[in-house]
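First up is the structure itself, then whatever we jot down about it.
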Amino acid sequence: MSDSAIQETEAAVSPLQWPENGDQWSDTEEGGIDMEECGLAAMAEEDEEINIYNNETFGSDMDTVVENEGHPINSLPQLDEQPPEPPSSPSLPSLSPSSPSFSPRTKPQFQIQFPPGLRGRGRVPRGGQAMAQMFEDPAVVTTVEGRQSLQRLDSSIVDFGSVSHWDDPAPDSRMFPSYGRTRYISGSVLQDPAIVYVMDSHMSSRGPNYPLSSSRWRRGGPRGSYSNRPFVQRCPPQMSPLMPRSPIISRQPFTPQQPYNQTRSFLSSSPRPCPSTPQPLTPKMMQLRFGANSPRPFPFYSPSSNPVHRFRFPGPVTQLHPQHRRLLSQRQPRSQRKPDWDPYCNIMSAKEKEWIIRLQMIQLQSENPNLDDYYYQEYYRRMEAKLAEEELGMRGKREPPKLTTPYVTKTESYTPVVHIEGSLGQVAVSTCFNPRRAIDAVTAHCPHEELKDLRQQRLDVLKKIEKLFMVLLDVEEGQRMKAHVLGEGEESRLMERTQRKVEYIFSQFQNPCPLEAGDEFLPCLLVSKGKRLMARLLPFLSRDAALKVLRVVTFHLPILMSRDTDESLPVLYPPLRTVIGAVTFSQLIGVLKDFTASSPDSSDGSDCLSLACQSKFGLSLLYALLSQGERLLSSDVPLEPSIGDFETWTDTVFLVASQLSQSALVEPLLLPSNLLTLFCRYLDKRTVHQLKSNIESATGHLAPPS
Amino acid sequence: LSYLFYSFFKSLVGKDVVVELKNDLSICGTLHSVDQYLNIKLTDISVTDPEKYPHMLSVKNCFIRGSVVRYVQLPADEVDTQLLQDAARKEALQQKQ
């Protein structure tokens, strides 16, 4: 029945040249269509039994695994080896002693691999007309005659003892599977004969209409024979988790011809005990245990470059930041368990899944999660801080107790290619040593300042700001460290270093420009990134330095406002407000003078004040200054004013008031509560009233009562 | 070894995203998990464009290999761009060392 069919298939196919004459194939040649149909029925019969068995054995699983169409999984090219026995013809006779029963048989098995084109070698192995049609879809695998004894290759099953003979791959046999050649599938769960079997049954039973919709996975039970169906030789270089997807490779409906191109594969004769014996499925440990009996060292079992830390594994589940976890659990109503049978459950056992997840998590262990996982840690830390502040009404920061990836000592060397035991292929390590040149920011340096064009100048400023940002990050990191308990000496040294960095940034930012004094901070401040940098730097600056920045900003306010195309000025408001809150009366007067003087920057004579009314930032700054003045005046703090300060103050208030009542105002970032109080004291009721309504119309709500 | 975007996507786990693939398929779903290769697992997916991909109708969850992703559309308020910039700076610094 099926065996004879298989024999026929092989006979028909083996004379074909593998794959070189693929262009000569035509659709007219009748392949084993009839044969395939017979075999399909037989296989389907088998499937039913398997399905029932699986149904009884296993529960349901939620995950559905669907492969993305046309997705080229990089299959693992490595394990081609010359078969110990010569190719196709001698292997054929070995099929004959097979019996229709499910006794274990020794047969060459077919192995599937992806068209090598997808693996970068550019050749598609095809085995026949029927196959040619079906396998036009690169996602569908082709069958290749393989060697026996899948189970030896299974690293997740430790309990069989036979050692396979692993020869070194012949140079050409790698990529061109043929009936005459044998291939090996290396790696873990793929080699599980149970999985092979299930995949086989899976593929055939669904018939022409429906791609692998159900899977009943057997774990090797009492039946020792396994029909061979296409299964993927997958282990892509990167992702072992891609393995579970293998059975669902083809997106094309199965044609009647399809299952035919696979023959039965039969494992070696030893009946295996059920592999469901609990094995701790940790990669390294498996290899150790397997060591005595393992195949000879082979690419996929090559010793890892860092053997040390394989021994300790985190839990298989990703560790989330507690805040994140809370968020997620809030979102899901936990009622998702559906009673329906999920056709894709149990493709892999829980242990296998765990093994694979562990495999991944190993690579994610880091000795410096703060750096490697910076974004995630910082994001949730800030979120937590924000929530804590909201809930408790106070700013208390607690360090998050959990790490996403635990601390592990990492080897120093840089391994461009990482290999994990038991996996197929190698892990691609991405670095940023050769980043794509996404932006054209690298240009030749021009020696003379004047010759640089505008674009180059801007690039220079941006580069400089980036450098300063790096230093700023250090400064902020240093401040975070301060929260931890440090030794006395350490802390002072840290502060000293931090201070030096701050001063460095400040001086660089200032950019002493020989051409125009007073233009100092402008180049950086005009760029939004520079504004952001300054906003983050301000809290670290000394009082004098901060005041200097404030004066520069107010002095150059018109030009800053006019050139603020992306409206990033408001980012400066909060830190500047803090600075204003700390100035003395005299200093305040000085700043206000800048505000009210007609600015040298403006070409059309309009003064700073009128421009400020139209700018959120400008107006907010003005309000903040006035508010500070009012605060100082109404407090009991001795003002120590200089001569003429009070006059200037009064004049300023009048000037501002008249300006504000005349112009249309934008909504400020913050409206200080003592502003109207201030105006009330100096102005008559009418003006105050007008001011008030003007301000209110801008803000859209009532100004705080005076 | 670059973990920047892995770290970034991890913070978006549980949020709704739209993944546009290099084969022009766009899939909307909740980000269930991501790994260091930026393979993405989505749950409760739907195909965003008019359903010219009917084979996806019955699919609830999917696993997308990172290398086939062209874009991932994110909710803007779940992303802190300034923090991302800082993370990139730190990563660049680290790689240089």
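Below, chain A is the first sequence line, B the second, and so on; all start at residue 1.
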> What's the shortest heavy-atom distance between Tyr3(B) and Leu364(A), and which atoms?
Replying inline: CE2-CD2, 3.4 Å
>> For Arg480(A), is there an ion pair with Glu476(A) - N to carboxylate O distance below 4.0 angstrom?
In response: no
> What residue, out of Glu378(A), Met383(A), Arg532(A), has the most heavy-atom pairs lying under 4.5 Å from chain B?
Replying inline: Arg532(A)
>> Please classify the contact between Glu477(A) and chain B as side chain, backbone, both or neither, with a heavy-atom cut-off of under 4.5 Å.
In response: side chain
> Heavy-atom distance under 4.5 Å to chain B: side chain of Lys467(A), backbone, both or neither?
Replying inline: neither
> Which residues pass the salt bridge (charged side-chain N to carboxylate O under 4.0 Å, His left out) test with Asp24(B), sequence neighbours left out?
Replying inline: Arg70(B)
> Looking at Lys90(B), Gln85(B), Lys22(B), which makes the most heavy-atom pairs under 4.5 Å with chain A?
Replying inline: Lys90(B)
> By side chain to side chain contact (heavy atoms under 4.5 Å, CB included), which residues pair with Pro574(A), not counting sequence neighbours?
Replying inline: none
> Are Asp86(B) and Arg536(A) ion-paired here, with the side-chain N under 4.0 Å from a carboxylate O?
Replying inline: yes
> Among Leu84(B), Val13(B), Thr43(B), Thr30(B), which has the most heavy-atom pairs under 4.5 Å with chain A?
Replying inline: Val13(B)
> Relative to chain B, which segment of Tyr379(A) carries a heavy atom at a distance below 4.5 Å: side chain, backbone, both, or neither?
Replying inline: both
